[in-house]
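Position 1 is the first residue of the sequence; numbering continues from there.
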Amino acid sequence: MVQASVVSKRAEYEPLPQKSSNHQLLHSEYFPASINRWRLLLATLASLVLLAAAMFGFQMVSPIILRPTWRQRSTRYDGLSVLVESAKQCQTALHGSECYQRVQWVMREGIIQHPDWYPDLTRTSSFEYVQAALHRKGECHCEDPCPAPVDPAVLVGPWPSAFLMGASQGLPKPTSILDSVAAKLMGTKDPMPVKLNTTLQEATHCNVAVPTDAVAIRIAAEVMQLDPNHTTSPIWSLPQDDLNRCFEALVAKNVVGPEDRQYNRNWCWVGLKEFGCHRHFYDHLSWAQMQHISLLAGVTSSATFHPIRNPQVCDQQVFGSTTKWTESNWDQARRWFAQHVNVFVLSLPASIERRNEMRASLGALRIPFQFVDGVDMRHPNSFEAAKNEGLIPAPFDATRAQAEAYNPRNGMGTAGSIMGTLGCASGHFRAQARGVEKGKAITVVFEDDVSPEADFIPKLWHLVTQDLPCDWQAVSLYSRCPFGICVSPHLTRVQPDVNEPAWRCRHGVNYGFQGMAYRTTEITALQRLWKPVVFDEKRPHCLDVDVALASISDRVRFYAVPASQSPGLLKEISMGSSRVDINFQKQTPVNMQAPAPVATVPAKQSPTFCGNRQGADGCGKDGRATGWCSLTPRNCQKCAGQWCDKSATIVRWVGH
């Protein structure tokens with residue numbers, strides 16, 4: 001939802017970041033535990049070389065070896081599943097590499113801003129397809145990528161019955177779901193068809209065979225041979241010395257100030273979220289990867305912590321992979337979609353370019369939809385109109401909420417006003433109401449800067465009819481920094497982040513309203529609990545509707561698809577943030593006082609970089625809006641989407 005101003009010259013896009021001093025360490029130590037879980041087999045047969053990787057657990061291939069590709073057969077080696085790849089070597093770009101960053105830029109911006117540079121690519125092109133195009137063009141040292149993996153959970157069969165079958169037949173359980181896949185693929189010559197639950201013909205908006213809540217958690221633990229009575233705690237308890245070290249590290253990096261110590265937060269958790277997730281919003285990383293990145297930055301603890309409990313079940317890239325949907329699958333999925341799903345796109349009437357992009361994107365996928373006008377608080381009387389429509393409760397006092405947002409403990413003083421966020425929340429409640437009016441079983445709401453994947457329809461069909469338990473009320477289709485517990489290979493049961501205080505609305509996790517699915521009959525009941533939390537003047541962080549819903553997920557039945565899964569159901573396109581733009585444009589609305597300017601700190605590097613890629617000097621876009629640029633870890637104001645100058649005001653980082 002962020003974008004730098006368009007630059008006309010291609011050369012200004014092409015310089016790529018240099019490897020940092022930690023770059024090699026990041027690659028060689030990314031998954032120290034997983035290195036012990038893989039074995040490399042080399043055999044020379046004429047001109048062929050077979051590379052095999054043995055999986056004990058769930059981790060992806062170690063970055064220091066080539067990523068293996070899925071084949072339609074497997075063998076057994078020393079009691080382990082061995083997935084055999086072809087002799088042709090391949091290399092899918094690794095996180096942090098020049099090629100990886102270029103692929104990400106092309107997928108989110110290049111295809112839209114410079115379609116003539118990449119005529120063979122579209123917004124739904126996969127990571128591997130884009131990398132292959134860059135390889136052919138000789139850009140950024142991109143090598144020939146490995147073929148895209150196939151979602152193994154779909155191949156195995158319906159959850160959880162297919163995964164428990166071995167135990168019921170007296171067979172030893174596999175050591176991982178991927179091991180189970182290898183066993184099932186053994187000896188097959190053709191791709192396995194997608195297996196569906198036998199109740200599919202009866203299922204429309206959930207799978208009656210999937211257990212709910214506590215039972216679902218127990219089943220997930222059983223599949224992974226975990227003791228459900230001894231799962232890791234959602235509370236990250238750390239010694240005070242660790243918390244002090246993390247706090248001092250965050251102060252040194254200007255993430256927090258010395259005066260913030262009084263708020264007694266878990267500073268190691270703050271560091272993990274900020275450096276592991278918030279600064280990698282567009283990467284599909286597991287929490288294990290994010291903790292490793294944060295450790296390299298020196299801002300968190302090495303103590304074991306699983307923000308998603310039972311991470312072996314769902315916190316992996318591979319579960320977002322494409323699937324070899326058959327013609328019959330597509331036919332069933334389209335008929336189901338047409339009968340049970342209404343799609344709405346939330347967009348401001350003035351956002352003509354965004355609307356045109358969404359028409360093109362959804363039209364190409366044959367997804368029917370309707371626009372829902374967002375609430376633009378820049379328009380006169382829009383606040384009162386939203387109250388009259390029932391989108392905002394009549395007693396809500398925006399002036400009081402703004403004053404609380406400017407309270408130093410909330411850290412929102414350098415993020416503009418709350419008016420853009422207030423309008424965003426109101427718009428989402430309006431879109432949900434449209435779904436209730438139309439009456440189909442499922443209401444899907446997209447924001448206007450997303451691009452659904454090419455197989456969005458069958459993926460949603462499979463998610464709803466095969467994965468979702470029948471107690472569900474809402475599902476985030478792309479949840480960043482997810483917090484909760486895995487209940488199936490594609491879903492977490494969202495839970496409140498008890499490591500953050502309630503006065504912050506448990507803020508900092510479960511970001512994800514770019515694409516939402518609602519069980520339409522539950523929307524009214526959901527809003528009854530939800531709105532009082534969103535429109536609480538004492539807790540302005542709750543104005544973020546995704547954060548507010550997650551904060552009450554112990555009272556509502558909220559599920560989410562982890563953003564670690566790649567490519568998942570959709571991706572966010574870089575088109576700026578209307579919400580943040582309005583926040584800054586309404587910095588001093590009537591009856592609201594802006595805070596005193598934050599003390600400036602002289603810039604130490606020049607020129608500073610304004611854009612949404614990482615510069616060689618470590619500068620990068622802060623992830624908020626056009627017109628901001630960063631001198632890591634600080635933000636520069638008075639920047640018009642170009643290079644910051646020495647007169648720019650340096651303010652403390654507000655991304656946490």
Contact summary for [X] and [Y], nearest pair of heavy atoms:
{"X": "Q565", "Y": "Q316", "result": "CG-O, 3.3 Å"}
{"X": "L570", "Y": "P452", "result": "CB-CA, 3.8 Å"}
{"X": "T322", "Y": "D455", "result": "CA-OD2, 4.1 Å"}
{"X": "G276", "Y": "L285", "result": "O-CD1, 4.3 Å"}
{"X": "V318", "Y": "P152", "result": "CG2-CD, 3.6 Å"}
{"X": "C314", "Y": "I308", "result": "SG-CG2, 4.2 Å"}

**Asked** side chain to side chain donor-acceptor pair (under 3.5 Å) with S426: which residues, sequence neighbours excluded?
**Response** none
**Request:** List for me each residue that meets side chain to side chain donor-acceptor pair (under 3.5 Å) alongside D116, sequence neighbours excluded, and say none if there are none.
**Result:** none
Can you confirm whether [X] sits close enough to [Y] that some side-chain heavy atom of one is under 4.5 Å from a side-chain heavy atom of the other?
{"X": "R335", "Y": "Q339", "value": "no"}
{"X": "S347", "Y": "V372", "value": "no"}
{"X": "S566", "Y": "S321", "value": "no"}
{"X": "W461", "Y": "W325", "value": "yes"}
{"X": "T492", "Y": "N510", "value": "no"}
{"X": "S476", "Y": "M516", "value": "yes"}
{"X": "L134", "Y": "R102", "value": "yes"}
{"X": "V343", "Y": "T443", "value": "no"}

**Item:** Salt-bridge contact E453-K459 (side-chain N to carboxylate O under 4.0 Å)
**Value:** no
**Message:** Between R108 and E572 (salt bridge meaning N to carboxylate O under 4.0 Å), is one present in this structure?
**Reply:** no
**Asked** Checking side-chain hydrogen bond (donor to acceptor under 3.5 Å, both in side chains) against E447, which of Q514, H428, R579 comes through?
**Response** H428
Donor-acceptor pair, side chain of [X] and main chain of [Y], under 3.5 angstrom:
{"X": "W336", "Y": "I457", "result": "no"}
{"X": "H284", "Y": "A563", "result": "yes"}
{"X": "S479", "Y": "G512", "result": "no"}
{"X": "K137", "Y": "A132", "result": "no"}
{"X": "Q289", "Y": "S286", "result": "yes"}

When rounded to the nearest 0.5 angstrom, what is the spacing between [atom1] in [X] and [atom2] in [Y]?
{"X": "D449", "Y": "I112", "atom1": "CG", "atom2": "CD1", "result": "9.5 Å"}
{"X": "H292", "Y": "S294", "atom1": "NE2", "atom2": "OG", "result": "10.0 Å"}
{"X": "Q370", "Y": "F344", "atom1": "CD", "atom2": "CZ", "result": "5.0 Å"}
{"X": "C146", "Y": "Q89", "atom1": "SG", "atom2": "CD", "result": "9.5 Å"}
{"X": "T92", "Y": "Q317", "atom1": "OG1", "atom2": "CD", "result": "10.0 Å"}
{"X": "D544", "Y": "C424", "atom1": "CG", "atom2": "SG", "result": "8.0 Å"}

Donor + acceptor pair across side chains of [X], [Y] (<3.5 Å):
{"X": "D315", "Y": "S564", "answer": "yes"}
{"X": "N583", "Y": "T421", "answer": "yes"}
{"X": "H141", "Y": "E98", "answer": "yes"}
{"X": "D283", "Y": "Q104", "answer": "yes"}
{"X": "D467", "Y": "H490", "answer": "yes"}

**Prompt:** Are C140 and C99 within a span of less than 2.5 Å, counting SG to SG?
**Reply:** no
**Request:** Would you verify whether the NZ or CZ of R334 falls within 45 degrees of the ring axis of F337 while also being under 6.0 Å from that six-membered ring's centre?
**Result:** no
**Request:** Mark yes or no: R480 above the aromatic ring of Y511, with NZ or CZ under 6.0 Å from the six-membered ring centre and no more than 45 degrees from the axis.
**Result:** no
**Request:** Report the residues that fulfil disulfide (SG to SG under 2.5 Å) with C277, sequence neighbours left out, ordered by chain and then residue number.
**Result:** C481
**Prompt:** Within a radius of less than 6.0 Å around OH of Y100, do more than 12 heavy atoms belonging to other residues, nucleotides or ligands occur?
**Reply:** yes
**Message:** Over 60° means perpendicular and under 30° means parallel, so tell me whether F369 and F371 are parallel, tilted or perpendicular.
**Reply:** perpendicular
**Prompt:** Using the ring of each side chain (for Trp, its six-membered ring), is H280 parallel, tilted or perpendicular to H95, with breaks at 30° and 60°?
**Reply:** tilted
Looking at residues at least two apart in the chain, or sitting in another chain, which of them share a salt bridge (charged side-chain N to carboxylate O under 4.0 Å, His left out) with [X]?
{"X": "D448", "answer": "R354"}
{"X": "R136", "answer": "none"}
{"X": "D546", "answer": "none"}

**Message:** Using the ring centroid of each side chain, check whether Y478 and F446 are separated by less than 6.0 Å.
**Reply:** no
**Item:** Step-by-step side chain to side chain contact (heavy atoms under 4.5 Å, CB included) determination, I293 to L296
**Value:** CA-CA 5 Å; I293 292 171; L296 291 178; 5.6 Å; no
**Request:** Quick one: do V509 and V547 satisfy side chain to side chain contact (heavy atoms under 4.5 Å, CB included)? Show the steps, please.
**Result:** CA-CA 7 Å; V509 295; V547 170; over 6 Å; no
**Request:** Evaluate the side chain to side chain contact (heavy atoms under 4.5 Å, CB included) criterion for residues L569 and L460: first the C-alpha distance (whole Å), next the side-chain angles of each, then the deciding distance (0.1 Å), finally the verdict.
**Result:** CA-CA 7 Å; L569 285 92; L460 182 67; 4.2 Å; yes
**Item:** Intermediate values then yes/no, side chain to side chain contact (heavy atoms under 4.5 Å, CB included), V450 and L477
**Value:** CA-CA 11 Å; V450 303; L477 301 178; over 6 Å; no
**Request:** Take S328 and D331 through the test side chain to side chain donor-acceptor pair (under 3.5 Å) and record every step on the way to the result.
**Result:** CA-CA 5 Å; S328 175; D331 182 62; over 6 Å; no
